Structure formats: C-alpha cells, structure tokens
Amino acid sequence: MQLKLFKRTTVFLIVLIAITAGVSLFLWTNKSLWETHSLAVYFGLMFFILIAYFAISYYETNADRNIIRKMVQNGEIALARINEGKFERFGRDSRFKKYVFWKLDVTIYDENLNQINTTMIEKFNVKQTKIPRGNVYVTYNKEKPDVLFIIPNALISVFPELQPKVEKYEKNIKTQYLNSYYNNGMLLETFKDSMKEAK
C-alpha cells in the first residue's frame with residue numbers, strides 16, 4: 001500500500017508540474033491578455049503553486065498515518081510475523097527526502113488465529129539496511145487485504161480497547177515483538193538493538 005501512495009503522490013506532482021508549465025506557456029504566448037494586471041497574475045500563479053505543493057506535501061506525509069490511525073481506532077489490526085524482507089526500491093518525496101521501500105514476506109494471524117501468508121511493501125527510513133525477523137501489529141481488514149501497514153508500537157498502547165485482542169494473540173501465539181516506530185519513515189529493530197542505541 002505504501003508504494004501505491006508513493007506512486008499516487010508522484011502522479012499529483014507530475015500533474016502540478018504539467019499544469020504550471022501549461023499555464024506559464026499560455027501566459028508567455030498571450031501577454032496582451034494580462035500585461036495590465038501582471039502583478040495579480042504573477043502572485044495568483046505563485047499562490048496556486050504554493051497551495052498545491054503544500055497540499056501534496058501534506059497528503060504524502062499524512063495519508064498513511066491517517067489510514068493507520070482510523071483502522072486502529074476501528075480495531076482493524078492483526079498480529080503479523082515478519083519472515084524476511086527484500087529491498088524493493090528507493091524513493092524521494094516532494095521535499096527530496098529519501099526513503100527505502102522493502103518488500104516483506106509476512107504471516108498474518110486473523111482474529112480467529114488463522115494464518116495468512118502474504119507480502120506487503122513498507123516505506124522505511126534509509127537507515128533500515130536489513131529487516132529483522134519478529135512480530136509486529138499491522139492494519140488488517142479481510143475485505144481490503146492490500147491495505148497493510150505496520151503499526152507503530154506506541155499507537156497500539158494508546159487504545160486500551162485493543163487489549164483483549166492483544167492478550168488473545170499473546171496467549172495463543174509465541175511472540176517476539178520488534179520495536180516499530182516512525183523516524184523519517186518506519187524503523188524496525190529488535191528490542192535488544194533498541195536498548196543498545198539508547199545506551
């Protein structure tokens with residue numbers, strides 16, 4: 001899902017560039033239509049570009065987080081085991097910040113503890129040079145199987161109503177949690193490695 005959001009944002013940026021180029025070309029070839037109002041036209045064009053750019057930037061920063069938060073609030077979560085990760089590609093956002101996309105092989109446990117083997121692509125901080133094996137919580141709705149995001153650990157603890165579901169998983173499945181958190185993209189670490197960094 002992260003790759004879909006990335007591609008969607010890229011399309012938005014291309015459309016903005018195309019519109020800006022088209023309008024600029026039109027204005028350049030039709031100066032007689034606006035030269036008496038040149039300041040208003042210049043400022044109007046700049047205002048449009050800035051507003052559109054900030055809207056795209058806001059979307060790419062918050063689209064995934066809004067989906068995750070809404071699904072977590074609705075209890076649409078599942079325990080997942082990360083089996084392995086393979087490098088997919090690098091990407092840059094509209095502010096030229098670099099990310100790395102990893103393709104993860106995961107086993108998801110639904111609410112009835114049935115196992116679902118699948119893959120998902122997640123957007124990580126470029127510091128993520130390898131993917132540890134272990135357990136995380138992911139967004140999961142069987143009606144939308146491709147809407148998979150890793151949920152930061154801190155977000156799970158914000159919603160006490162998730163406790164019965166978490167306890168059910170922990171009672172029936174041997175878990176080895178990974179530390180999942182945001183820092184310019186997702187970061188996944190074993191808690192042992194997180195403790196080393198903290199020291």
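What you see is a predicted model, and the numbers here were worked out from it, not measured in a lab.
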K165 side-chain N/O to G75 backbone N/O, donor-acceptor pair under 3.5 Å: yes
Closest non-hydrogen atom pair, R92 against F96: NH1-O, 3.1 Å
Please find the pair of heavy atoms, one from I108 and one from A78, that lie closest to each other, and give the distance. CG2-CB, 3.7 Å
Applying the 4.5 Å side-chain criterion to the ILVMFWY set and letting contacts propagate, would I121 and L187 be lumped into a single cluster? no
Distance-only, no hydrogens or angles: does the E122 side chain make a donor-acceptor pair with backbone N or O of I150 under 3.5 Å? yes
K168 side chain vs E111 backbone, donor-acceptor pair below 3.5 Å: yes
Does a donor on one side chain sit under 3.5 Å from an acceptor on the other, for R8 and Y59? yes
Can a donor-acceptor pair be found, under 3.5 Å and without considering hydrogens, that links the side chain of S57 to the backbone of Y53? no
Assert yes or no for the condition that the ring centre distance of F101 to F6 is strictly below 6.0 Å. yes
Just by modelled atom types, is the F149 backbone N or O under 3.5 Å from a matching donor or acceptor in the T139 side chain? yes
Is it the case that more than 12 heavy atoms not belonging to F43 sit under 6.0 Å from its CZ atom? no
Is there a donor-acceptor contact under 3.5 Å from the side chain of N74 to the main chain of E76? no
State, yes or no, whether a side-chain contact exists between D64 and Y182 at a heavy-atom distance under 4.5 Å. yes
If every non-hydrogen atom of A154 is compared with every non-hydrogen atom of S157, which pair is closest and at what distance? O-OG, 2.7 Å
Would the distance check show the side chain of Y169 and the main-chain N or O of Y109 forming a donor-acceptor pair, the cut-off being under 3.5 Å? yes
Testing the 3.5 Å rule here: is there a donor-acceptor pair between the side chains of N114 and D110? yes
Taking all atoms of both residues into account, what is the closest heavy-atom pair of I82 and P132, and its distance? CG2-O, 3.8 Å
Between the main-chain N or O of N66 and the side-chain N or O of N62, is there a donor-acceptor pair closer than 3.5 Å? no
Is the number of heavy atoms from other residues, nucleotides or ligands under 6.0 Å of Q163 CD greater than 12? no
Is a side-chain N or O of N153 found less than 3.5 angstrom from the main chain of L178, in a donor-acceptor match? yes
Path from I151 to V136 over hydrophobic side-chain contacts below 4.5 Å: yes
Within 6.0 Å of OH in Y58, more than 12 heavy atoms from elsewhere: no
What do you reckon, are the aromatic ring centroids of Y140 and Y137 less than 6.0 Å apart? no
Nearest 0.5 Å, please: how far is CD in Q115 from CD1 in I173? 7.5 Å
Would you kindly say whether D105 and N83 are connected by a side-chain donor-acceptor distance under 3.5 Å? yes
Would a single hydrophobic cluster contain both V23 and I17, if residues Ile, Leu, Val, Met, Phe, Trp and Tyr are joined by side-chain heavy-atom contacts under 4.5 Å? no
Main-chain N/O of Q176 paired to N135 side chain as donor or acceptor, under 3.5 Å: yes
Rounded to the nearest 0.5 Å, what separates atom CG in L148 from atom CD1 in I68? 10.5 Å
